[in-house]
Amino acid sequence: MIGRDPYRVPGRHRAGQAHAVVHHRVWDGPARPEAERLDGAWPGWTVLYGAGSRCFYAVAAWPAPESLIVSDPTPEGLERRMHEAEMTVITRLAPETSPPSDRRLP
């Protein structure tokens with residue numbers, strides 16, 4: 001970066017005090033790898049994890065009649081919602097079938 005001292009020791013710096021080591025904190029823990037796993041397991045979806053919202057999001061990567069985004073705080077819940085969304089779209093796009101008639105053809 002421009003203007004940055006390349007020899008600066010990482011950590012917290014305050015005037016008049018020695019620098020303090022600050023440990024890198026992983027806010028989302030195993031959530032990002034879980035989102036990557038879901039992204040690979042569900043090829044028709046793009047799966048993301050929001051560290052601020054602590055929620056999993058899935059965006060349909062296939063043509064849908066309208067934008068299709070589902071979310072859930074747990075990966076299991078997201079998979080359930082993705083499955084429900086797929087079934088809803090499939091049933092809406094299924095052609096109307098007429099009930100079988102009682103007439104028999106010769």
Side-chain angles (χ1 to χ4, degrees):
M1 294 170 82
I2 298 174
R4 187 131 194 203
D5 184 6
Y7 302 106
R8 183 174 175 181
V9 179
R12 185 176 297 128
H13 300 269
R14 292 196 176 130
Q17 295 180 1
H19 85 281
V21 176
V22 177
H23 298 286
H24 178 70
R25 181 178 236 171
V26 180
W27 290 100
D28 50 9
R32 277 193 195 162
E34 187 64 24
E36 289 176 9
R37 183 194 66 78
L38 288 173
D39 193 41
W42 291 77
W45 295 84
T46 299
V47 179
L48 311 163
Y49 177 73
S53 63
R54 294 190 176 152
C55 202
F56 291 89
Y57 297 93
V59 181
W62 35 272
E66 58 212 24
S67 296
L68 185 55
I69 302 171
V70 293
S71 65
D72 198 85
T74 65
E76 297 82 15
L78 183 70
E79 285 187 290
R80 186 176 61 252
R81 290 180 185 263
M82 290 162 59
H83 180 70
E84 289 171 0
E86 285 181 351
M87 292 300 111
T88 301
V89 169
I90 288 171
T91 56
R92 283 185 187 170
L93 296 178
E96 292 292 323
T97 58
S98 58
S101 62
D102 291 337
R103 291 186 289 154
R104 295 184 184 217
L105 298 174

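A quick note: this is a predicted structure, and the numbers were derived from the prediction, not measured.
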N/O donor-acceptor pairs under 3.5 Å from side chains in residues 44-53, not counting sequence neighbours:
unit_1 : atom_1 : unit_2 : atom_2 : d
W45    : NE1    : E86    : OE2    : 2.8
S53    : OG     : G50    : O      : 3.4
S53    : OG     : Y57    : OH     : 3.1

Neighbour count above 12 (heavy atom, 6.0 Å) for R54 CZ = no
query = To the nearest 0.5 Å, how far apart are CD in E36 and CG in L38?
reply = 10.5 Å
request  = Nearest 0.5 Å please: distance from the CZ atom of R81 over to the OG1 atom of T88.
outcome  = 11.5 Å
ask   = For the atom pair CZ (R32) and CZ (F56), what is the distance rounded to the nearest 0.5 Å?
value = 11.0 Å
query = Does I69 share a hydrophobic cluster with W62, counting links as ILVMFWY side-chain heavy atoms below 4.5 Å and allowing steps through other members?
reply = no
ask   = What are the two closest heavy atoms between C55 and P73, and how far apart are they?
value = SG-N, 3.7 Å
inquiry  = With side-chain contact (heavy atoms from CB on, under 4.5 Å) as the criterion, how do E79 and H83 come out once you've worked through the C-alpha distance, each side chain's angles and the decisive distance to 0.1 Å?
reply    = CA-CA 6 Å; E79 285 187 290; H83 180 70; over 6 Å; no
remark   = dist D72:CG -> M82:CE (nearest 0.5 Å) comes out at 11.0 Å
